[in-house]
There are 2 protein chains.
Amino acid sequence: MADGRGASSQTGENLLFLTDEQLRQGIEAMFFAYRGFTADPDKILVDMAYGRAHHRAIHFINRAPGTTVNNLLGILGVTKQSLNRVLRTLIADGLVKSHVGKSDKRERHLYLTDAGRALEQTLSDAQRMRMRSAFRDAGPEAVAGFRTVLEAMMDPEMHHSYTRLKESST
Amino acid sequence: MADGRGASSQTGENLLFLTDEQLRQGIEAMFFAYRGFTADPDKILVDMAYGRAHHRAIHFINRAPGTTVNNLLGILGVTKQSLNRVLRTLIADGLVKSHVGKSDKRERHLYLTDAGRALEQTLSDAQRMRMRSAFRDAGPEAVAGFRTVLEAMMDPEMHHSYTRLKESST
DNA sequence: TAGTTTACGTCAGCGTTATTGACTTTCCAA
DNA sequence: TTGGAAAGTCAATAACGCTGACGTAAACTA
């Protein structure tokens with residue numbers, strides 16, 4: 001497998017771009033770009049004793065208000081203990097509210113407070129600004145390709161969460 | 001700015017795809033895809049008491065043999081203290097060798113040992129497999145767009161490291 | 001050439017984040 | 001109604017990042 005040559009080039013055009021070198025460039029592009037992707041919100045979060053985990057929780061609670069802890073767990077892909085610590089501080093600081101479920105009292109439904117929404121706006125504005133600039137520089141076709149590859153790279157479960165969120169916002 | 005409507009659509013075709021909703025989908029795609037991107041090597045690393053930081057170090061030492069600690073610092077974007085802990089274990093375990101510089105004895109030049117190269121192969125094979133499959137599913141044009149957007153998303157310094165590595169391998 | 005400054009790498013200590021394990025409450029089904 | 005399963009919480013441990021302080025080597029300067 002690791003013959004340093006990548007896929008055979010028998011079919012020419014179709015597989016030429018799948019050399020190990022090209023793949024490695026894709027890997028490194030992912031690495032460097034993700035750093036840029038998180039840099040702006042991270043800078044903001046440092047000043048308020050929060051971390052990336054808080055950002056993620058706030059993002060998805062805003063995206064799916066009323067979601068349960070268990071649901072959020074599946075989306076974030078962390079253990080509930082990790083999430084719990086984050087949620088506890090967010091609730092203590094008045095950014096998130098937790099309501100006991102009506103039909104199932106074991107569940108907690110999560111919502112952002114006004115303060116939580118404000119922080120969410122600040123954070124995603126910073127992140128969107130970079131994304132908007134990158135999208136504009138790259139052009140519509142590149143953006144389409146970008147998303148196609150990203151979707152193909154997800155684990156099936158993640159892809160499912162992704163599409164479900166996407167559809168819920170139409 | 002955050003009017004929930006994104007860029008104006010006066011120019012039609014050109015800016016239509018830059019709504020906040022589209023940007024948010026891009027953000028979420030990045031999040032879910034990056035998880036997939038790191039999932040396979042992570043699984044391997046868990047079994048040997050290593051983490052993602054070790055993988056990154058091994059990757060770039062393999063990519064640029066003889067690189068100095070300081071050079072690696074710039075690429076990885078961490079403090080030298082963080083890197084040092086990782087390097088210490090890798091050297092102790094015989095995966096990396098460190099040679100004192102000839103012209104400048106303050107420098108340490110880093111190389112993978114045979115064992116280090118073997119681990120690097122194992123890890124990047126896993127990562128490349130997913131990348132290859134995603135690239136193949138998405139097609140050459142999508143891949144080109146993928147990289148264009150990613151490059152536009154990097155910080156200028158990161159973009160510089162990225163191109164320098166890319167060019168060094170021709 | 002001697003003394004100061006700068007650069008490279010290393011060691012120690014701290015805070016945050018994620019994980020595994022054990023526990024309480026609630027729901028559901030035998 | 002009792003046993004098991006699920007949702008959420010609490011406690012303790014390991015991994016990774018950071019700031020601060022240090023020793024050594026090179027470079028600058030007087």
Side-chain angles (χ1 to χ4, degrees), chain A residues 31 34-35 38-39 41-61 66-93 96-111, chain B residues 31 34-35 38-39 41-61 66-93 96-111:
Chain A
F31 169 71
Y34 196 78
R35 289 253 309 278
T38 56
D42 279 359
K43 269 197 284 267
I44 298 173
L45 289 160
V46 169
D47 298 331
M48 45 182 68
Y50 288 152
R52 212 174 285 177
H54 300 84
H55 181 197
R56 291 195 280 250
I58 289 176
H59 175 99
F60 286 109
I61 293 174
T67 185
T68 63
V69 173
N70 211 23
N71 195 348
L72 205 50
L73 249 42
I75 292 173
L76 294 175
V78 296
T79 59
K80 41 184 186 173
Q81 294 79 350
S82 295
L83 179 57
N84 184 38
R85 177 166 27 83
V86 170
L87 283 179
R88 213 188 321 162
T89 67
L90 290 176
I91 291 172
D93 295 348
V96 168
K97 272 201 299 187
S98 155
H99 296 302
V100 174
K102 285 184 178 175
S103 57
D104 189 336
K105 288 178 196 161
R106 294 175 302 182
E107 296 180 341
R108 303 291 137 83
H109 298 275
L110 304 169
Y111 302 88
Chain B
F31 170 71
Y34 195 77
R35 288 253 309 276
T38 56
D42 280 359
K43 269 197 283 269
I44 298 172
L45 289 160
V46 169
D47 298 333
M48 44 182 69
Y50 288 153
R52 212 174 285 177
H54 300 82
H55 179 196
R56 292 196 279 251
I58 289 175
H59 174 98
F60 287 108
I61 293 174
T67 186
T68 63
V69 173
N70 211 22
N71 195 348
L72 204 50
L73 250 42
I75 293 173
L76 295 175
V78 297
T79 59
K80 40 184 187 174
Q81 294 82 347
S82 296
L83 178 57
N84 184 40
R85 179 159 25 87
V86 171
L87 283 180
R88 213 188 322 163
T89 67
L90 289 176
I91 291 173
D93 295 349
V96 169
K97 272 202 298 186
S98 154
H99 295 303
V100 174
K102 284 184 180 175
S103 56
D104 188 335
K105 288 178 196 159
R106 294 175 301 181
E107 295 180 339
R108 304 290 138 82
H109 298 274
L110 304 169
Y111 303 88

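Here is the naming used below: chain letters follow the sequence lines, and residue numbers restart at 1 for every chain.
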For nucleotides 1-11 of chain C, read 5' to 3', which letter fits each nucleotide if B means a protein heavy atom sits under 4.0 Å from the base, S means only the sugar-phosphate is that close, and - means neither?
-> ------BBBBB
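Rounded to whole Å, the distance from CG on A:Leu83 to C1' on D:dG8 is 10 Å. Rounded to a whole Å, the CG atom of A:Leu72 is 12 Å from the P atom of D:dT9. As a whole-Å value, the separation of A:Leu45 CG from D:dG17 P is 18 Å. Between A:Leu90 atom CG and C:dT17 atom C1' there is a gap of 14 Å when expressed in whole angstrom units. If you take CG of A:Asp42 and P of D:dG17, they are 13 Å apart, rounded to a whole angstrom. Rounded to an integer number of Å, the gap from A:His99 NE2 to D:dG8 C1' is 17 Å.
Residue A:Thr79 has a polar side-chain atom (N or O) positioned under 4.0 Å from OP1 or OP2 of C:dT19. Residue B:Arg56 places at least one side-chain N or O closer than 4.0 Å to OP1 or OP2 of D:dG17. The phosphate of C:dT16 has neither OP1 nor OP2 within less than 4.0 Å of any side-chain N or O from A:His54.
Under the salt bridge (Lys or Arg N to Asp or Glu O under 4.0 Å) criterion, A:Arg52 pairs with A:Asp42, sequence neighbours left out. The salt bridge (Lys or Arg N to Asp or Glu O under 4.0 Å) check on A:Arg106 picks up A:Asp104, with sequence neighbours excluded. With sequence neighbours excluded, no residue satisfies side chain to side chain donor-acceptor pair (under 3.5 Å) with B:His55. Partners of B:Tyr50 according to the side chain to side chain donor-acceptor pair (under 3.5 Å) rule, which considers only residues two or more places apart in sequence or in another chain, are B:Asp93.
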Show which side-chain atoms of residues 77-88 of chain A pair as donor or acceptor with protein atoms under 3.5 Å away, not counting sequence neighbours.
{"from": "A:Thr79", "atom 1": "OG1", "to": "A:Ser82", "atom 2": "N", "distance (Å)": "3.4"}
{"from": "A:Thr79", "atom 1": "OG1", "to": "A:Ser82", "atom 2": "OG", "distance (Å)": "3.2"}

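Contact annotation for B:Arg85: base contact, defined as any heavy-atom pair under 4.0 Å involving a base atom.
Looking at heavy atoms from C-beta onward, A:Leu76 lies in side-chain contact with A:Phe60 at the 4.5 angstrom threshold.
Nearest-nucleotide positions on DNA chain C for A:Ser103 and A:Ser82 put A:Ser82 closer to the 5' end.
Considering all non-hydrogen atoms of both residues, A:Lys102 and A:Lys105 come closest at O-CG, 4.5 Å.
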